[in-house]
Amino acid sequence: MKHLFNISVYNSKEDMAQARSLIGKEGSGVDGLELLTGYDSVDTSLKSDTTSVHLPYATDWYGPAAGVVSVSPDIDPMYLRFHHYGSDRAGIVESIRKAIVCAEPLDPMYGVIHASSADMSSLLSKRTTYTDEKVLTTFADIMNEVVSTFPDGEPPFTLAFENTWWPGLRLVDDVGFGILEDSIEFDDWGICLDTGHILVSSGGSDDEKGALDILNSCADGYGDDLFDRLIAMHLHVNTSARIIANMEEIDSTGMSFNDIIIKASERIASVDQHRPFTDPAVVEYVERLEPEFVVHEIITRDMVDHIRSHVCQASFFR
């Protein structure tokens, strides 16, 4: 089991140097980096330290893919990619393909991509107009088309599909996995299980013991095929059950797309806290699932806190 430090191509050079200096350092709990990439050429000097990549994601790609959302022709191309991937199915396929091609020079062991999509109305409410099944079957069709353009109909590196709490793959059970298993036509794929996202999907807990109870209860419903496909785990915790339960719906009528995203980002940060576990019982849960890679996916305000939080959680696995 390898332990990875999450960082982004958008971090500063100083942050990147600090992260790289931790690799293999005694007591750091860092065997390599999981690097969030984008749509530009990557710095290939990072190749030696990059174990995996996290491909860019889009808030709502299902809407334009299914033809239920019309994208303004005047939208900035950068916003188009990060909000929708593209204005239609062809554009979405091309953006995902480009993201894979841009990350390929790093020769990662795997690349994570979110298998979900959130319609704008759901970002500020608890309701959604999309269903898990429709999002996942469309996602599988798109990924099949993307991968078919690569040699031998296989991606240049393993694709690891990640759960969120938006419509799509949630991993509160193995139903969504079953849809992917029936629909994905290429062989080189797997699952990246995100613990914090499962907690939000399930309504969460107000303490870590309860959080682990939820995670173990969900794992009780996983079949052997899911365990066999589990490549990586994004390990972090939130204790935001009360926040989730008391979250008020905001009427987004008349709000611009960017205003919705700003408001939604505040809500997301409050529930998906990306904090390190402090309960050593987390080891038993992780070892039960046996991922090849554990990414201590921490989000903090600065690199000092990030490193401290990573070391705190990773120390349980020494």
Side-chain angles (χ1 to χ4, degrees), residues 39 55-100 112-149 159 161-173 175-185 189 194 197 200-201 244 247-268 271-272:
Y39 297 101
L55 299 172
Y57 44 87
T59 306
D60 179 16
W61 53 264
Y62 174 79
V68 297
V69 169
S70 296
V71 179
S72 170
D74 299 325
I75 188 172
D76 184 286
M78 181 185 72
Y79 287 116
L80 175 63
R81 276 190 172 142
F82 287 105
H83 291 332
H84 301 294
Y85 282 139
S87 58
D88 54 23
R89 185 185 176 102
I92 292 165
V93 168
E94 179 54 33
S95 285
I96 295 174
R97 174 181 163 76
K98 181 175 179 61
I100 293 172
V112 177
I113 184 167
H114 287 181
S116 61
S117 182
D119 57 304
M120 289 299 102
S121 63
S122 71
L123 289 175
L124 300 179
S125 73
K126 298 179 181 180
R127 296 166 293 173
T128 179
T129 58
Y130 302 163
T131 67
D132 293 345
E133 182 177 10
K134 286 183 178 179
V135 169
L136 282 174
T137 53
T138 303
F139 175 79
D141 286 346
I142 287 172
M143 295 310 302
N144 289 336
E145 186 173 347
V146 169
V147 172
S148 70
T149 65
L159 295 176
F161 304 137
E162 180 184 349
N163 59 295
T164 72
W165 64 91
W166 308 117
L169 185 66
R170 300 180 192 261
L171 293 184
V172 294
D173 51 36
V175 174
F177 170 81
I179 294 173
L180 290 175
E181 190 174 37
D182 291 340
S183 306
I184 296 294
E185 297 173 351
W189 68 277
D194 189 296
H197 295 171
V200 178
S201 291
I244 295 170
M247 190 166 283
E248 297 181 356
E249 296 197 11
I250 298 176
D251 184 359
S252 59
T253 303
M255 292 176 63
S256 70
F257 191 100
N258 286 337
D259 286 343
I260 292 174
I261 292 295
I262 291 170
K263 277 288 185 184
S265 297
E266 295 171 358
R267 292 162 72 91
I268 290 168
V271 298
D272 188 25

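Not measured: the values here are computed from a predicted model. Along the sequence shown, residues carry numbers from 1.
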Closest non-hydrogen contact found for Thr59 with Leu123 is CG2-CD1, 3.8 Å
With sequence neighbours left out, the residues meeting side chain to side chain contact (heavy atoms under 4.5 Å, CB included) with Thr129 are Asp119, Ser121
Under a 3.5 Å distance rule, please check whether Trp61 uses its side chain to pair with a backbone N or O of Ser116 as donor and acceptor. yes
Applying side-chain hydrogen bond (donor to acceptor under 3.5 Å, both in side chains) to Thr253 and not counting sequence neighbours gives Asp251
To the nearest 0.5 Å, atom CZ of Arg267 lies from atom CG of Asp272 at 14.0 Å
Sorted by chain and number, sequence neighbours left out, ring-ring contact (aromatic ring centres under 6.0 Å, His included) with Phe177 holds for Trp189
| query | Are the side chain of Asn144 and the backbone N or O of Ser183 linked by a donor-acceptor pair below 3.5 Å? | reply | yes
Residue set satisfying ring-ring contact (aromatic ring centres under 6.0 Å, His included) with His114, at least two apart, ordered chain then number -> His54, Tyr57
The ring-ring contact (aromatic ring centres under 6.0 Å, His included) partners of Trp166 (sequence neighbours excluded) come to none
Heavy-atom closest pair (Gly86 atom, Leu80 atom, distance to 0.1 Å) is C-CD1, 3.6 Å
When rounded to the nearest 0.5 Å, the distance separating OG1 of Thr128 from CH2 of Trp165 is 13.5 Å
Any heavy-atom pair between the side chains of Tyr62 and Pro167 that's under 4.5 Å? no
Taken to the nearest 0.5 Å, the spacing of Glu266 CD from Leu124 CG works out to 9.5 Å
Output for pair (Ile75 CD1, His83 NE2), nearest 0.5 Å, gives 6.0 Å
By side chain to side chain contact (heavy atoms under 4.5 Å, CB included), Ser256 pairs with (sequence neighbours left out) Asn258, Asp259
Next item on the list: May I ask you to decide if Asp194's main-chain N or O and Asn163's side chain share a donor-acceptor pair within less than 3.5 Å?
Entry: yes
d(Leu55 CG, Ile100 CD1) to nearest 0.5 Å is 6.0 Å
Applied to residues 128-142, the salt bridge (charged side-chain N to carboxylate O under 4.0 Å, His left out) test, sequence neighbours excluded, yields Asp132-Arg170
Hits for side chain to side chain contact (heavy atoms under 4.5 Å, CB included) against Asp76, two or more places apart or cross-chain, chain-then-number order -> Met78, Tyr79
Anything under 3.5 Å between a donor and an acceptor, one on a side chain of residues 88-96, the other on a protein residue two or more places apart or in another chain? List them.
unit_1	atom_1	unit_2	atom_2	d
Asp88	OD1	Ala90	N	3.4
Asp88	OD1	Gly91	N	2.9
Arg89	NE	Glu145	OE1	3.3
Ser95	OG	Arg81	NE	3.4
Ser95	OG	Tyr85	O	2.5
Ser95	OG	Gly91	O	3.3

Sub-4.5 Å side-chain heavy-atom contact between Phe139 and Leu169 = no
When every non-hydrogen atom of Gly168 is compared with those of Val135, the smallest separation belongs to CA-CG1, 3.8 Å
Closest non-hydrogen atoms of Val71 and Pro64, given as atom of the first, atom of the second and distance, are CG2-CB, 4.0 Å
Interatomic distance, CD1@Ile113 vs CE@Met143, rounded to 0.5 Å, equals 4.5 Å
Those residues at least two apart in sequence (or on a different chain) that pass side chain to side chain contact (heavy atoms under 4.5 Å, CB included) with Glu249 are Ser125, Lys126, Arg127
Residue set satisfying side-chain hydrogen bond (donor to acceptor under 3.5 Å, both in side chains) with Thr131, at least two apart, ordered chain then number -> none
Nearest heavy-atom contact between Asp60 and Ala118 is CB-O, 3.0 Å
Sequence neighbours excluded, the answer for side-chain hydrogen bond (donor to acceptor under 3.5 Å, both in side chains) partners of Asp182 is none
